[in-house]
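Chain A is the first sequence line, chain B the second, and so forth, proteins listed ahead of strands; every chain is numbered from 1.
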Number of protein chains: 2
Amino acid sequence: MTENTVESVRRALDLLRELNRQRVSSVRHLHHATGLPKPTIVRMLDTFAALGYVVNDRRQGGYQVTSLVRSLSAGFHGDPLVVEAARPWAIAFTRKFQWPVAVAVLDRDAVAVRFSTIPDSPVSPFHVTINNRLKLMSRALGRAYIAFCPPNERNLLLRMLAMSDDPEDEAARDRDAALTLLAMVRRAGFADRSATVEPKSSSTIAVPVMLGRKVLATVGVTYFTSAIPKAEAIARYVPLLKEMAKNIQTSVVLLEQGGAPNDGAH
Amino acid sequence: MTENTVESVRRALDLLRELNRQRVSSVRHLHHATGLPKPTIVRMLDTFAALGYVVNDRRQGGYQVTSLVRSLSAGFHGDPLVVEAARPWAIAFTRKFQWPVAVAVLDRDAVAVRFSTIPDSPVSPFHVTINNRLKLMSRALGRAYIAFCPPNERNLLLRMLAMSDDPEDEAARDRDAALTLLAMVRRAGFADRSATVEPKSSSTIAVPVMLGRKVLATVGVTYFTSAIPKAEAIARYVPLLKEMAKNIQTSVVLLEQGGAPNDGAH
DNA sequence: TGTCGTCATTCCGCCTGACGGAACGACGAC
DNA sequence: GTCGTCGTTCCGTCAGGCGGAATGACGACA
């Protein structure tokens with residue numbers, strides 16, 4: 001890394017980020033994920049625990065972060081309003097249905113996950129994917145964006161993707177086929193993940209959060225393909241996702257107006 | 001600190017927490033706040049910057065955290081639903097009126113700040129107070145809680161406070177005087193900070209977020225006493241705080257119902 | 001333009017703090 | 001009771017982190 005930085009601190013922050021990627025982390029998992037020797041990991045974890053950021057509970061299966069970690073990010077509030085508005089709805093969805101929800105916004109030629117309820121989900125072994133950029137043509141959250149955004153924006157995005165050499169953008173090079181695929185997504189009313197990308201053990205269904213003709217964000221639910229057949233997942237969760245997206249849209253409108261729900265002026 | 005922890009990591013996390021307490025931090029400020037020598041601070045900051053957590057911009061006046069810090073806390077989602085529901089409303093309030101807003105919930109015999117828009121406020125030199133416990137009889141957010149909660153709960157809290165030897169709990173020892181003070185707060189419809197506690201350069205006005213007869217949370221706005229006279233602050237912001245509290249309450253109801261605003265079933 | 005004060009940054013000799021392989025303890029499966 | 005695996009502890013080693021002093025940058029002021 002760059003000259004004159006503190007290697008112990010780099011290691012500690014890598015470890016802390018990994019701790020935040022699932023609800024509970026074992027020493028074995030952290031060893032695999034970071035490559036650090038276990039004595040080093042335990043020493044770092046003891047340091048986090050002494051400061052209150054982490055607790056260790058063998059009954060829970062390992063180490064987990066505490067509410068104090070919020071003080072390490074409290075100074076950053078740069079998410080769009082739609083992400084803030086989406087948070088409570090996503091949390092409520094996961095509480096009710098157990099599967100984790102992600103909220104993503106456009107980030108250049110992909111969508112970036114800005115909120116995830118993976119840590120809230122009791123059935124999810126998935127990793128928190130905050131800041132992960134998801135491709136527009138292969139990932140559900142991305143496809144939901146590019147399918148439902150205005151045609152001018154879609155054309156621009158397809159031109160950007162056509163110039164990419166990323167294999168996951170390859171679908172954008174055959175423009176007619178891409179437009180046909182996206183038309184199918186619009187007709188279906190939701191997007192799912194391409195069958196050609198990993199992981200195969202799970203799948204994601206996503207819908208857009210619209211404001212007028214604009215896509216503000218996309219929201220998706222991820223589930224194990226072995227736990228529920230795809231057709232059943234679609235039948236059950238697409239209506240619920242659409243309802244949640246509608247609620248998020250309404251929250252955004254109310255927040256921007258500063259008005260009250262059930263306002264007589266409507 | 002405890003045996004076998006990593007001192008460099010403890011220092012780094014102290015520094016990172018301080019960086020999160022205001023929008024921009026100078027090396028001088030960080031030196032005063034943490035006691036670390038400046039070369040140590042610069043080396044740590046270079047480490048954070050190399051990893052992407054911090055940027056340095058002399059034009060901005062120093063160092064500030066980036067969106068990546070969210071990955072250091074993304075695994076913790078333990079806030080009550082009312083705090084999640086309150087977040088976007090608090091952010092919208094600060095964008096509109098500039099003064100920072102805090103959201104607090106009961107935490108044993110005090111209220112704890114669970115969300116603050118201090119980093120979003122352009123006029124605020126206040127420090128983010130996430131996790132700070134604020135006393136029930138002397139702080140606005142605390143007083144708003146104990147004044148408006150159900151009588152049984154208030155009696156229990158007053159008994160707990162009467163046994164405390166904290167000077168800020170002293171007002172609870174004269175039960176009749178305490179009840180009189182709290183009755184005045186209820187009549188006024190809002191709480192402010194006791195004139196006997198620091199800092200004197202600022203003040204806070206707070207109101208409860210009610211659900212039925214329960215107080216879910218309290219929300220308050222903090223302002224410079226030199227920038228706006230108290231009477232004017234009250235006249236201007238109390239109605240706005242009440243409106244925001246009402247919106248938060250409605251959001252909580254909708255989230256718990258999973259229903260849509262303007263639902264025809266009403 | 002030159003000087004001054006203050007802040008940020010760099011240098012580098014020092015030494016102790018962090019390291020990690022080996023060993024040990026705990027625990028569940030068989 | 002034995003075994004495998006995971007978590008934890010030990011401790012000799014050495015290089016990583018330290019911080020006072022020096023230097024650079026910059027704005028205020030005459």
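- In this structure, the nucleotide among D:dT8, D:dC18, C:dA8 sitting nearest to the side chain of A:V6 is D:dC18.
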Check against side-chain contact (heavy atoms from CB on, under 4.5 Å), A:F190 and A:L241: CA-CA 9 Å; A:F190 70 95; A:L241 275 177; over 6 Å; no
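- Here the side chains of B:R87 and A:P88 are not in contact, with every heavy-atom distance at 4.5 Å or above.
- If you take CE of B:M44 and C1' of C:dA8, they are 17 Å apart, rounded to a whole angstrom.
- Comparing C:dT9, C:dC7, C:dA18 by their closest approach to the side chain of B:V42 singles out C:dT9.
- Atom CG of B:D46 and atom C1' of C:dT9 are 9 Å apart (whole Å).
- Checking D:dG7, D:dG17, C:dA8 against the side-chain heavy atoms of B:R43 singles out D:dG17 as nearest.
- Of the inter-residue distances, the one linking B:E18 atom CD with B:T34 atom OG1 reads 7.5 Å to the nearest 0.5 angstrom.
- Between C:dT9, D:dC18, D:dC6, one nucleotide has an atom nearer to the side chain of B:S8 than all others, and that is D:dC18.
- B:W99 and B:Y223 have perpendicular rings, their planes meeting at more than 60° on a 0 to 90° scale where under 30° would count as parallel.
- The interatomic distance linking A:L15 (CG) with C:dA18 (P) rounds to 15 Å, in whole Å.
- The phosphate of C:dG20 has OP1 or OP2 within less than 4.0 Å of a side-chain N or O from A:R11.
- Rounded to the nearest 0.5 Å, atoms CG (B:L15) and CG (B:N20) are 10.5 Å apart.
- Checking A:T204 against A:R193 by side-chain atom types alone, a donor-acceptor pair falls below 3.5 Å.
- The nucleotide whose nearest atom lies closest to any side-chain atom of A:Y63 is, among C:dC19, C:dT10, D:dT8, D:dT8.
- Residues satisfying the side-chain hydrogen bond (donor to acceptor under 3.5 Å, both in side chains) test with B:S138, not counting sequence neighbours, are B:E168.
- Residues A:R43 and A:D46 are not paired through a salt bridge, judged by the lack of any N-O separation under 4.0 Å between the basic side chain and the carboxylate.
- The CD-C1' distance, from A:E7 to C:dA18, rounds to 11 Å in whole Å.
- Taken residue by residue, residues 30-41 of chain A places heavy atoms nearer than 4.0 Å to DNA chain C at A:P37, A:P39, A:T40.
- Note on the helix from C:dT1-D:dA30 to C:dC30-D:dG1: terminal axis deviation equals 40°, with five pairs used at each end and the result rounded to 10°.
- In this structure a side-chain-to-backbone donor-acceptor pair under 3.5 Å is present from A:R143 to A:M137.
- Computed from coordinates, the A:N56 CG to D:dT8 C1' distance equals 10 Å when rounded to whole Å.
- Along DNA chain D, the nucleotide nearest A:V9 and the nucleotide nearest A:L45 are compared for position; the residue whose nucleotide lies closer to the 5' end is A:L45.
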